[in-house]
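Side chains included, hydrogens not; waters and symmetry mates left out as well; all remaining heavy atoms used. Protein chains get the first letters and strands the later ones, always in sequence-line order, with residue 1 at the start of each.
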Number of protein chains: 2
Amino acid sequence: MNHIRTISATPCEHDHSGKSVSEQVNAARKICEQQDERFTPLRAHIYELIVRADGPIKAYDLLEQLRPDRGSPKPPTVYRALDFFARLGLVHRVEALNAYIACDHTHPGHVAEFFICERCDEVKETHAHSHENCAPNGFVISSSVIEHYGLCETCALTA
Amino acid sequence: MNHIRTISATPCEHDHSGKSVSEQVNAARKICEQQDERFTPLRAHIYELIVRADGPIKAYDLLEQLRPDRGSPKPPTVYRALDFFARLGLVHRVEALNAYIACDHTHPGHVAEFFICERCDEVKETHAHSHENCAPNGFVISSSVIEHYGLCETCALTA
DNA sequence: AATCAAGACGTTATGCTATAACAGGGAAGG
DNA sequence: CCTTCCCTGTTATAGCATAACGTCTTGATT
Ligand SMILES: [Zn+2]
Ligand SMILES: [Zn+2]
Ligand SMILES: [Zn+2]
Ligand SMILES: [Zn+2]
């Protein structure tokens, strides 16, 4: 189907959200603790890798990056952590990329809307407006996937 | 990640769109011919299976349904057809289901927005409103994925 | 008619994505 | 101490998609 866009594996060191990696990790730790969930060393490690990726990252790329620090982890190791973070709203799955990205909103649990540049891989996350008005009469939305692909302003100008 | 919702494989005989299966197939044939694309017997066969599914259908389920009429087709057979239909806007991919569905709009090429009932698997397709206004300044959208999951009116009332 | 280029299809093989199921270990509470 | 729950490791398998090559048909060009 050729439907999966590619994403680069190049992390970036600039501070995208105005928070350092460790600040973001600590914020996640706090959110976990507030919900009586355990922010274990493994989870902290994986979450940090997701944050450092500074964009969508694939499960098997996370798996690679866990090596050799944690031996040779197997897929369930990372998928379980991703499930956990998704449940807490700390990480979103980007459906059309088969990838995962840290939520960059301070209050997780919202409906995320992504704008993904296909040229430079930059991703902007916004709070989606309500689509209840768009729904067929009586339809009750419980979750939504809203992703846009195209060119960011910079790339659009230099294209 | 447990992110993939399930869909039932039960086709349904009711006429969802007001057009019969053969009418839908003929409409697709016409759209192909208008664009100087070939609506081959294989493509017609696969398109008809998608229409008959009357909802999202998976690539490997299509593959099964092609047997034994067409011997033992392999995955590329169906993925090539799906690519073709998607290129013409006759079929949409539903990202969160890893499934494909016939466009039920008469003028393909639009941005589709799906409302998918997780209880009865009914899918309503609408024309999405523009999200350009929601985009970061200067972002140029080239394609979008908009899918909502929840309960249709009937299921919400009887839940 | 002979030639050529493009596209459609069959086939083999492989790669990527994700989960089921079972076993062991550690933390928290009784 | 002992039980319960959850976290993690591990093996195996399921599910989704494409690369690459060969053959044949179609339709245009010479
Ligand atoms: Zn978010
Ligand atoms: Zn860009
Ligand atoms: Zn459509
Ligand atoms: Zn329903």
Summary of side-chain hydrogen bond (donor to acceptor under 3.5 Å, both in side chains) pairs that have at least one residue in residues 25-37 of chain B, sequence neighbours excluded: B:E37-B:R87
For B:Y47, all residues meeting ring pair (Phe, Tyr, Trp, His ring centres under 6.0 Å), sequence neighbours excluded: B:F85
Set of ring pair (Phe, Tyr, Trp, His ring centres under 6.0 Å) partners for A:F114, sequence neighbours left out: A:H92
Residues touching DNA chain D, which here means a heavy atom under 4.0 Å, drawn from residues 32-46 of chain A: A:R38, A:T40, A:L42, A:R43
For [N], take OP1 and OP2 only and decide whether either is under 4.0 Å from a side-chain N or O of [X].
X     : N      : value
B:R87 : C:dG7  : no
A:T77 : D:dT8  : no
A:K58 : C:dT17 : yes

All side-chain contact (heavy atoms from CB on, under 4.5 Å) counterparts of B:V140, not counting sequence neighbours: A:A156
Distance, rounded to the nearest Å, where B:D83 contributes CG and D:dA17 contributes P: 10 Å
Sugar-phosphate, base or nothing in reach of A:P73, heavy atoms under 4.0 Å: nothing
Sugar-phosphate only, base, or nothing, as touched by B:F84 at under 4.0 Å among non-hydrogen atoms: nothing
Residue closer to the 5' end of DNA chain D, B:A59 versus A:P76 (nearest nucleotide): A:P76
Under 3.5 Å donor-acceptor pair, A:R80 side-chain atoms to D:dG9 base atoms: yes
Quiz item: A:Y79 side-chain donor-acceptor pair to C:dA20 base, under 3.5 Å: no
Donor on one side chain, acceptor on other, A:R119 and A:T154, under 3.5 Å: no
Partner residues of B:E153 under the side chain to side chain donor-acceptor pair (under 3.5 Å) criterion, sequence neighbours left out: none
Out of C:dA18, D:dA17, D:dT11, whichever nucleotide has its closest atom nearest the side chain of A:K74: D:dT11
